[in-house]
Amino acid sequence: MADVAAVVKENSISLVQNHGSLRRGGLDGAARIAQHYKFALSTGFDRFPSANAVIIVEDDLLFSPDFYEYLTSVAPILDADSSTFVVSAWNDNGFHGKVLEPYAIRRTEFFPGLGWILTRKLYKSELEEKWPHEHWDHWLRSPETHQNRESIYPQMPRTYHNGVKGTFMDESTHNRYFRDIHNNRDSSISWASHELTTSHIALATQTPYETRIEDIIKNHCEHVESLADIFGEKKDRILCLWINVAISSDFGTPFETVGRFFGIWHEHHRGNHKGLHEFYYEGNYVLLLNIHGSVVNSHYRDWKPGHVHAFTREYFANKQALLALQASKVDKKVYRASQAGLTCHDVCRENGNLSCKQDLLPYANSCEVLKQHFPCMECSGSLGAEQPAYVREDAPSQSLPRHCLFNQDTAALPITCGASHPDTLRLCVCE
């Protein structure tokens, strides 16, 4: 709190603190947070009666150069489109390699938070009186609260969650879902001057948004008939991938296999728009369309071509096995580094003065192959040009000692022979 107070003083703005009962016994973290949010929102709107909206941020967020400009430029959509709920600066699936367009705006049924704008009308007429005693964010995500209105968010996030420790945050969670977020850092991006800003915002309103999706599905998509098609040499394609995967009311695990396959959240609800998730993968733009009966408010299933197969979760569970099978073809050419910090050029020279085969490195990029060569305590996806690799046992705790790491998005950061990391031992292909 002292650090926050110092920043407030430095910028000559007023400091308002909650001196209520939050520090007394009997309240867990969720209850204290929910009550403090209500205090902050009510105080903000009451102290500034002419303000039409407030921007909510947290003290562990880092901001893109255009954070404020983005929110204030897009905010008018909340008055123009009654199907909208709030505007957020965060994309749950805004990972490196998954986003590319700085001005693209998307819609989701799942409240993202992490830097968002809330109107006075919504708060004072609906939310304030009903504000929950705990888990305020879960409450905002409930259909009873949002009433099928959607949150607006940027394809490329405008915030970065920098906090590693918190009431509902630890190092493992941060590394899995927040560390690799690709927020905009380009200071030349301007919503005020960009000539297409108005059209991008207009396209985010309900009818044009649905028209855009229909046009892509019917006129511009390559409908995926085999998962192998995703990994072809062709790039810059628009791919429609139809799936038939159940979701459940507790954010269920059936979608987790699909999420891990693509390196996005394991919870179907995050970023979901009527069963649709949009993101970049392996150099192509993917529309992942779920036609399962548990997906509500969706008519996209009516547009699936009859000859196109809808993949079930089992297909995605085989990704690592398929890669391992491919790797078996070059198994005798796979070598592990003798110590951390070596490039694959070093490793290959150590093993009979061989040469690194960069085109074959992806075939060793799986947990199955890593476990054949290292004593992996755990194995998980990450992002690094030196991966697949094993984190040395005496590495700093934040580097995940004794973990095996595979590169979960080689399109965003290709595996190279010359890459190295001081905390990891590489797995290389040499001949």
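Note that these values count all heavy atoms, side chains included, but never hydrogens, waters or copies made by symmetry. On a predicted model such as this, the values are computed, not experimentally measured, just so you know.
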Before accepting this row, confirm whether a basic side-chain N of the pair [X]/[Y] lies closer than 4.0 Å to the acidic partner's carboxylate O.
X      : Y      : value
Asp46  : Lys124 : yes
Arg426 : Glu386 : no
Arg260 : Glu256 : yes

Please verify the inter-ring angle class for [X] with [Y]; under 30° counts as parallel, over 60° as perpendicular, anything in between as tilted.
X      : Y      : value
His138 : His135 : parallel
Tyr390 : Phe374 : parallel
Trp136 : Trp131 : parallel
His223 : Trp242 : parallel

Quiz prompt | Contacts of Glu278 that satisfy salt bridge (charged side-chain N to carboxylate O under 4.0 Å, His left out) - sequence neighbours left out | solution = Arg106, Arg212
Exercise. Can you sort out the partners of Thr145 under side-chain contact (heavy atoms from CB on, under 4.5 Å), two or more places apart, ordered by chain and number?
Key: Phe85, Leu127, Trp139, Leu140, Ser142
Exercise. Sequence neighbours left out, what passes side-chain contact (heavy atoms from CB on, under 4.5 Å) with Pro65? Give chain and number order.
Key: Asn184, Ser187
Taking SG to SG, are [X] and [Y] separated by less than 2.5 Å?
X      : Y      : answer
Cys376 : Cys404 : yes
Cys240 : Cys221 : yes
Cys344 : Cys417 : no

Quiz item: With a cut-off of 6.0 Å (strictly less than), are more than 12 heavy atoms of other residues, nucleotides or ligands near CZ of Phe63?
Solution: yes
